[in-house]
Every structure is written in structure tokens, then in C-alpha cells.
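Taking it in order: structure first as C-alpha cells, then the write-up.
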Number of protein chains: 2
Amino acid sequence: MQDSRAETHTSMAAHEVLAVVLQIRQERLSVLLWRRARPPFEKCWVLPGGRLGTAEGLGESIRRQLAQKVDVRDLAHLEQLETRGDPGRHPHGRTLATAYLGLVPADIDPVIPGDTAWHPASDLPPMGFDHAAIVHSGRRRLRAKLSYTNIGFALAPPEFTMSELSRYYRAALGHDVAATNLRRVLLRRGQIEETGESVPSGRSGGRPAALFRFRVRRLEITDAFAVLRPPQV
Amino acid sequence: MQDSRAETHTSMAAHEVLAVVLQIRQERLSVLLWRRARPPFEKCWVLPGGRLGTAEGLGESIRRQLAQKVDVRDLAHLEQLETRGDPGRHPHGRTLATAYLGLVPADIDPVIPGDTAWHPASDLPPMGFDHAAIVHSGRRRLRAKLSYTNIGFALAPPEFTMSELSRYYRAALGHDVAATNLRRVLLRRGQIEETGESVPSGRSGGRPAALFRFRVRRLEITDAFAVLRPPQV
DNA sequence: CCTAGTTTATGCCTTGTAGGCGAAAACTCG
DNA sequence: CGAGTTTTCGCCTACAAGGCATAAACTAGG
């Protein structure tokens with residue numbers, strides 16, 4: 001390994017943390033964006049975040065920065081997504097960015113500052129830097145994890161009916177999800193359970209829907225997911 | 001968002017890139033480690049890597065640095081793993097590290113410098129910094145991806161018999177993998193195909209084994225993997 | 001040349017998950 | 001009470017994963 005002191009100061013670079021904060025809003029998967037007031041990319045939309053502080057960890061930093069945008073307690077899930085360090089990604093000089101994926105349950109309407117807004121993740125406004133690509137990474141990650149983890153807990157409110165939940169899944173996945181099948185899959189996996197209560201059905205009557213909740217509200221990987229699993233004893 | 005200029009210089013930090021380079025060696029999953037000659041962690045083992053250069057991207061940088069350890073052409077796969085930025089992770093000052101996962105096919109024996117060595121991934125020597133934890137992340141990632149991608153191509157040689165391949169999977173997964181089932185799974189998924197040739201079986205005779213190859217030698221996600229998939233047309 | 005031993009390949013079967021579909025249940029409204 | 005609506009349940013199919021026994025194809029020894 002070469003002597004690291006030889007190029008010590010050349011490897012110093014600004015580092016920022018960003019977050020792709022997603023929420024289902026009016027049946028659409030939406031992302032929280034911030035409108036830049038200054039060049040570069042003035043008046044373009046970018047991901048919330050900012051410079052990494054001197055003595056804070058990466059996750060710590062993005063939580064602090066997000067607290068200026070949404071109440072941190074609104075985030076049901078936060079995980080590291082990817083780090084980008086292309087030399088040309090920031091016009092004003094070398095800047096690395098570590099992006100996180102954050103999820104806000106659908107029942108919450110966080111107070112957000114005037115310079116931020118929710119945008120449909122499938123119809124992004126003009127965005128600065130490489131942030132549009134990062135949003136796509138976040139969507140991909142969410143879609144994949146809906147398949148083999150219990151990450152739905154971070155999209156849904158604490159209690160929900162199966163038809164509500166299927167609409168959340170539809171918005172996040174981009175295609176129809178049959179409530180019948182969703183119920184069976186999640187029940188068999190032990191991800192959800194009935195609360196025992198039920199709510200009268202929507203606008204025009206119908207059978208009252210049972211209420212469900214996620215049994216665990218932090219990320220778990222579906223054990224039966226792995227193929228080529230160890231021979232069972 | 002706060003004025004980033006207010007703390008511009010405080011967010012400058014050293015950034016390094018590291019690699020968890022894995023290979024199946026003598027039936028064991030092994031990781032390439034470098035023995036430090038200087039404090040901190042003198043004589044401990046650490047991951048290969050080093051400071052990020054001024055004008056290079058992250059992936060570019062780790063490829064360059066690995067070229068000093070293993071021939072870059074030996075790497076069949078390289079992907080970003082995670083970024084660590086804990087303030088206390090480096091005793092000499094703030095250092096962020098972006099780790100990559102690299103895989104070397106089992107038939108290659110790369111020329112490596114004298115200060116590096118392969119170690120069993122399940123029996124690591126005393127390691128510096130947080131690098132042991134990063135190795136564990138790499139193992140987890142590999143194990144998971146063996147389940148739902150064709151990443152086996154990066155562990156196996158270009159051609160192999162099913163019993164060879166099942167030994168590679170066993171070493172990487174840490175449990176027995178029946179050659180019969182592996183064959184069916186990978187064939188059905190279209191990941192592997194017969195070459196048409198066969199080799200006489202090993203030491204004490206037996207039916208000659210058919211040779212297989214991976215159809216695609218770059219990462220692909222198994223399409224049928226997703227649950228809650230779109231309704232088929 | 002034949003047989004025993006070894007290894008690989010094939011076929012049959014069981015299990016379990018995903019998912020479609022229709023009937024039944026449980027409500028609202030007129 | 002009956003029509004319309006929504007949810008729930010049960011039945012069925014499709015298919016992947018995986019266990020196991022047997023067949024196939026070779027080597028080596030007598």
C-alpha cells in the first residue's frame with residue numbers, strides 16, 4: 001500500500017449526506033424535495049441534506065439534517081442507500097455524497113418548510129446534481145425490499161385494513177396488488193396480525209374491514225426467502 | 001437548509017476506499033487482507049485500499065488501488081457495499097471509508113504482494129479499525145445474492161461440474177448444498193447451461209461429469225424472485 | 001471379461017408459497 | 001326487505017424447492 005501521507009491533503013473532500021424520503025401520499029409514491037435558492041442548480045429541486053458535521057456519524061448527520069425538514073420521529077425507517085463520488089458530480093468542487101433512504105408512514109403529514117415539497121416519485125421535476133438518479137435507486141430499493149422484508153410497516157399507519165394496505169403496495173410497486181393475496185402472503189409470513197377491531201367500510205357501505213397491524217415495526221428479512229437454504233433438521 | 005459555507009472546512013474529511021475481496025480457496029471462503037506495517041493497528045490485518053485520489057471516482061479508485069494487490073482482470077465482480085463514517089473509527093482523525101465487495105473466481109491464483117495474504121472469512125485474524133465488521137457485511141451480501149442473483153458466476157471458473165459448483169456454494173453459504181437441487185434451480189432459472197463436454201470424474205472413477213457454464217457473466221437479478229409481482233398478461 | 005465401487009444424472013414424489021376466482025359474509029342505503 | 005358494495009373465506013391451480021431412490025457411466029481389480 002502506498003504511503004498515504006504522500007497525498008493526504010489531496011484526498012480531503014467535502015462530504016454531504018442526503019436522504020430520499022418517501023411517503024405514500026394520495027395513492028402515489030412521493031419524495032420530499034428541497035428547492036435550491038442559490039446556484040449551482042438554482043431553482044432546481046434537490047434532495048434534503050447537507051454537509052457532514054465534524055463529529056457526527058453518517059446516520060446521525062442525516063437525522064439531524066432531516067430534523068430541519070421533517071420531524072425525525074416521523075421517520076419509520078432509515079437505511080443507507082449508496083455513496084456517490086464522481087469527480088464531476090458537483091460543479092463547485094469535489095463532493096462526496098452518502099444517500100439514505102427514509103420512509104414516512106402514510107397517516108402522517110409532517111410539517112415541512114416552505115422551500116420543500118412532495119413530488120410524485122414517478123414524475124420528478126427538474127433536479128440538480130445526480131439527485132434524480134439517487135431517487136431512482138431509492139425506489140428500486142423500496143420495491144425490492146417490499147418483496148422479501150416487512151418494510152411495509154414503514155409505509156402503512158399503525159393500523160390498517162387490507163384494502164388500504166394493498167393500495168399502499170400498489171403505489172410503491174407501481175402495479176395492482178390483490179388484497180386477497182397480500183393478506184395471505186403477509187399473514188403466512190407472520191408479518192401482520194389482526195387487531196381484533198374492525199371499521200365500517202368506506203363511502204357506500206359494504207362489509208366492515210378487519211384491522212391489521214405489523215407485528216414487528218423494524219426491518220426483518222423474510223426467513224423463508226432464501227433459496228438454497230440449509231437442510232432443515 | 002442551512003448555509004453550507006458556514007461550516008465548509010469543518011466538513012472536509014479524509015476519504016478512503018476499501019475492498020472485501022473474496023475467493024473460494026481450498027473449499028473455504030477467504031478474504032484478502034493486508035498486514036499493516038505502521039501504527040495505528042501495527043501488525044494487525046486490514047482491508048486493502050487507500051486514500052481516494054483527487055480526480056477519481058469511487059469505483060475507479062478501488063480498482064486502481066486493488067491493481068497494486070491483485071490483477072484487476074482477476075475480479076469477476078465488484079460492487080459498492082457500504083460507507084462508514086463513525087467519528088471514532090480512525091484514531092488519527094476523521095476518516096470516511098467506502099467499502100466495495102470484490103469476487104475472484106476459484107480457478108485463479110492472483111499474484112499478491114508479500115504483505116498480503118488470504119484468510120478464512122469465518123476465522124479472521126486480529127483486524128484493525130472496523131474492518132472485521134466490513135468483512136461480515138461482505139459475507140452477508142454475498143450469501144444473500146447467491147439466493148436471488150446469478151452471482152455464482154463470479155465465484156466459479158468459466159466451466160465447472162455440478163459437484164464442483166456445489167462445493168463453491170457450500171463454502172460461500174456455510175452449509176451443504178445438494179448438487180442435484182442446485183442443478184435444477186440454476187437450470188430452471190436459466191443461469192447455467194451445459195457446454196456439451198464432460199470430464200472424467202475425479203480420483204476413484206465414476207460417471208464422467210457434464211461441464212456447465214454461466215450463461216451471463218455479469219450480475220442479473222432472478223426475475224421470478226419478486227413476490228407480489230405484477231399480474232401476468 | 002466381469003464385478004464391485006464410485007460418481008454423476010434422471011425421474012418420482014412431497015412440501016410449501018403464490019396467486020386466481022367465485023361464493024359467502026357483513027354491512028349501507030333506499 | 002332487497003339491491004348494491006366491500007371484505008373475507010375456501011377451493012383450486014401453477015410452480016419452485018428439495019428429498020430420495022434408481023439408473024447411467026465410468027475405474028479398478030480379479
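What's counted below: heavy atoms across the whole structure, side chains too, no hydrogens, waters or symmetry copies. Protein chains get the first letters and strands the later ones, always in sequence-line order, with residue 1 at the start of each.
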Practice task
Side-chain contact test, heavy atoms from C-beta onward, threshold under 4.5 Å: evaluate it for A:S122 versus A:R139 and give yes or no.
Solution key: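 Yes, their side chains come closer than 4.5 Å.
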Check the phosphate of [N] against [X], side-chain N and O only, distance under 4.0 Å to OP1 or OP2. Yes or no?
X: B:R229; N: C:dG19; answer: yes
X: B:R188; N: D:dA16; answer: yes
X: B:R183; N: C:dT10; answer: yes
X: A:R189; N: C:dA18; answer: yes

When you get a sec, tell me which of [options] is the closest nucleotide to the side chain of [X]?
X: B:P208; options: D:dT7, D:dC26, D:dG10; answer: D:dC26
X: B:L228; options: C:dT10, D:dC26, C:dG19; answer: C:dG19
X: A:T180; options: D:dG18, C:dA9, D:dG10; answer: D:dG10
X: B:R207; options: D:dG10, D:dA17, D:dA24; answer: D:dA24

Exercise for the section: May I ask you to check whether B:T195 and B:E159 show a side-chain donor-acceptor distance below 3.5 Å? Expected result: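 Per modelled atom types, B:T195 and B:E159 side chains form no pair under 3.5 Å.
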Distance in angstrom units between [X] [atom1] and [N] [atom2], rounded:
X: A:L182; N: D:dC9; atom1: CG; atom2: P; result: 14 Å
X: A:L186; N: C:dA18; atom1: CG; atom2: C1'; result: 12 Å
X: B:Q191; N: D:dA16; atom1: CD; atom2: C1'; result: 14 Å
X: A:H175; N: C:dA18; atom1: NE2; atom2: P; result: 14 Å
X: A:I192; N: D:dT8; atom1: CD1; atom2: P; result: 10 Å

Practice task
May I have all residue pairs that pass ring pair (Phe, Tyr, Trp, His ring centres under 6.0 Å) and include part of residues 113-140 of chain B, sequence neighbours excluded?
Solution key: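 For residues 113-140 of chain B, and leaving out neighbouring residues, the ring pair (Phe, Tyr, Trp, His ring centres under 6.0 Å) pairs sorted by first residue read B:F41-B:F129, B:W45-B:H119, B:H90-B:F129, B:F129-B:H131.
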Exercise for the section: Could you check A:N181 against A:S198 and say which one's nearest nucleotide on DNA chain C is further toward the 5' end? Expected result: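 Final value for this comparison: A:N181.
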Practice task
With sequence neighbours left out, write down each residue that passes salt bridge (Lys or Arg N to Asp or Glu O under 4.0 Å) with A:R35, or none if nothing qualifies.
Solution key: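 Not a single residue meets the salt bridge (Lys or Arg N to Asp or Glu O under 4.0 Å) criterion with A:R35.
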Exercise for the section: Apply ring pair (Phe, Tyr, Trp, His ring centres under 6.0 Å) to A:Y100 and list each qualifying residue two or more places apart in sequence or on a separate chain. Expected result: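 Listed in chain order: nothing, the list is empty.
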Exercise for the section: Quick one: list whatever passes side-chain hydrogen bond (donor to acceptor under 3.5 Å, both in side chains) with A:D130, sequence neighbours left out. Expected result: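 side-chain hydrogen bond (donor to acceptor under 3.5 Å, both in side chains) list for A:D130, sorted by chain: A:R89.
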Practice task
Check whether any side-chain N or O of A:R141 sits under 3.5 Å from a backbone N or O of A:Q80 as a donor-acceptor pair, and report yes or no.
Solution key: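 Yes; judged by distance alone, with no hydrogens or angles, the pair exists.
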Exercise for the section: For DNA chain D, find the residues of residues 142-163 of chain B with a heavy-atom distance under 4.0 Å and give them by number; none if there aren't any. Expected result: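 Nucleic-acid contacts, sorted: none.
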Practice task
Rounded to the nearest 0.5 Å, what's the gap from CG on A:L32 to NZ on A:K69? Could you check?
Solution key: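 Between atom CG of A:L32 and atom NZ of A:K69 there are 8.0 Å.
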Problem - Which atom of B:T161 lies closest to which atom of B:A209, heavy atoms considered - result: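 Shortest heavy-atom separation between B:T161 and B:A209 comes out as CG2-CB, 3.6 Å.
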Exercise for the section: Mind telling me whether B:F160 and B:F212 have parallel, tilted or perpendicular rings, with 30° and 60° as the class edges? Expected result: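 Rings of B:F212 and B:F160: parallel, under 30°.
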Protein and nucleotides 12-14 of chain D: nitrogen or oxygen contacts under 3.5 angstrom:
none

Exercise for the section: Classify the nucleic acid contact of A:A210 as base, sugar-phosphate or nothing, counting any heavy atom under 4.0 Å across all strands shown. Expected result: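 Sugar-phosphate only.
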